[in-house]
Number of protein chains: 2
Amino acid sequence: MSDYGSYFKALREAKSLTLREVEKQTGISNAYLSQLETGKVKQPSPLNLHKLAQLYEVPYETLMEKVGYPVPQNMEHLATREPVAAHGRLGALSDEEELELLDYLKFIRNRRR
Amino acid sequence: MSDYGSYFKALREAKSLTLREVEKQTGISNAYLSQLETGKVKQPSPLNLHKLAQLYEVPYETLMEKVGYPVPQNMEHLATREPVAAHGRLGALSDEEELELLDYLKFIRNRRR
DNA sequence: AAGCATTGCTAAATTTATCGAGCAAAGGTA
DNA sequence: TACCTTTGCTCGATAAATTTAGCAATGCTT
C-alpha cells in the first residue's frame, strides 16, 4: 500500500510523543493514528493532516503532498495565472462580458433608491 | 447539512455545462456531482475539488475553503473574497450582487444558441 | 513475582465518498 | 401524437475514513 506511514511515525517520534498523547492533542484516535503510521490509510482528511502538521510543526502543504493531494500553487503561480478575474464565482471574463456586467451592476445598484 | 452545493451548481451553470459534460471533463460521476450540488456531500476529496477548480477556472484554495478544509496559511487571503474585489472594473461585490451577476452572466452566454 | 499502567496494534462497527443503473420530466423531431 | 434524447436525480452497492473496544507485550512498582 501507500508508504508514507513511516514518515508520520518519524515525525511523532521526533517529538517523543506517544500515540495516545497525539490523540489528546489532536482528537484523532490512537487507533487511527496507528493505522496511518503502518500504511493502512490512503488519504487522511485534510483536517486531520492540518492538526498533525500543527502538532508536528511541519507545513500543512508538506503533509498534503506526502499523501498525494494536489497542493495549492504558491503565490508566484497565482499571481501570474491568467486573470485575477478568475476568482470568486464569476470566473474568467472576456472584456466584453466584463463591460456588460459592469453596466448591469450599475443597474442593480440604482434599481431601488 | 452543509450548503455549499448551490455554489458548485452556480459555477457549473456559469459555464453552461451539464452534469454529464462535467462528468466527461473531470471523470466524476454525474450522480455524485448531483449530490454535491444538492448538499448531500460533506467533504469531497481534494482531488475532485482540484479537478472542478480547473474546469470551473476558480482557485483550488477557494473550493477547499468552501467545503471547510483548512487552507494553507500563506494562501488564506487569496482564497477569500478579496480577489473578487480585485476584479478589474467590477470592484468589490456583495454576495447578492455577485450571485445576480452570475445569473446575468449565464444569460449573456446563452443569449445566442 | 504480582499487580497495574502504558503502548502499539487489530477487529468490528459506523459514517462518508463515490459509482453504476435506472427513472421521470422536458425537448426536440418525425 | 409517438419516439428518441437529454438532464437532473435517487437508490443501492462498494470502498475507504475514522471510531470504539479490547488484546498482548512491555515496563514500573511494591
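All values reported here derive from a predicted model rather than from experimental measurement. All chains are named by letter (A, B, ...) in the order of the sequence lines, taking the proteins before the strands, and each is independently numbered beginning at 1.
- Distance, B:Lys42 NZ to C:dT14 P: 16 Å, rounded to whole Å.
- Put simply, OH on A:Tyr69 is 13 Å from P on D:dA16, counting in whole angstrom units.
- Within 4.0 Å (heavy atoms only), A:Ser34 reaches at least one base atom of the nucleic acid.
- For the pair B:Asn30 and A:Asn30, nearest-nucleotide mapping onto DNA chain C gives the more 5' position to A:Asn30.
- Between A:Thr18 and C:dT6, a side-chain N or O to OP1/OP2 separation shorter than 4.0 Å is absent.
- Using a 4.0 Å cut-off, some side-chain N or O of A:Arg12 falls inside it from OP1 or OP2 of C:dG8.
- Closest-nucleotide positions on DNA chain C for B:Ser45 and B:Arg20 were compared, and the one nearer the 5' end corresponds to B:Ser45.
- At whole-Å resolution of the value, CD in A:Glu37 and P in C:dT10 are 12 Å apart.
- Under 3.5 Å, the side chain of B:Gln35 and the base of C:dC19 form at least one donor-acceptor pair of N or O atoms.
- Distance check: A:Glu65 CD to A:Leu49 CG gives 12.0 Å after rounding to the nearest 0.5 Å.
- Taking 4.0 Å as the cut-off between side-chain N and carboxylate O, A:Glu57 and A:Lys15 count as a salt-bridged pair.
- For the OP1/OP2 pair of C:dG8 and a distance below 4.0 Å, the side-chain nitrogens and oxygens of A:Thr38 include no atom meeting the criterion.
- Of the candidates C:dC9, D:dT18, D:dT19, C:dC9 carries the atom nearest the A:Lys40 side chain, counting heavy atoms from C-beta on.
- For the pair A:Val67 and A:Phe8, the minimum side-chain heavy-atom distance is below 4.5 Å.
- Residue B:Ile28 is classed as a sugar-phosphate contact, given heavy-atom separations below 4.0 Å to backbone atoms only.
- Cation-pi geometry between B:Lys66 and B:Tyr4 is not met: the NZ or CZ atom fails to fall both under 6.0 Å from the ring centre and inside 45° of the normal.
- Separation of atoms OH (A:Tyr60) and CG (A:Leu47) is listed at 8.0 Å; rounding is to 0.5 Å.
- Regarding B:Leu19, its CG atom lies at a distance of 13 Å from the P atom of C:dC19, rounded to whole Å.
- A:Leu36 has its CG atom 16 Å from the P atom of D:dA16, to the nearest Å.
- A sub-4.0 Å separation between OP1 or OP2 of C:dT18 and a side-chain N or O of B:Asn48 is present.
- When the side-chain nitrogen and oxygen atoms of B:Lys9 are compared with OP1 and OP2 of D:dT7, none of them lie within a distance under 4.0 Å.
- Rounded to whole Å, the distance from CD on A:Gln43 to P on D:dA16 is 10 Å.
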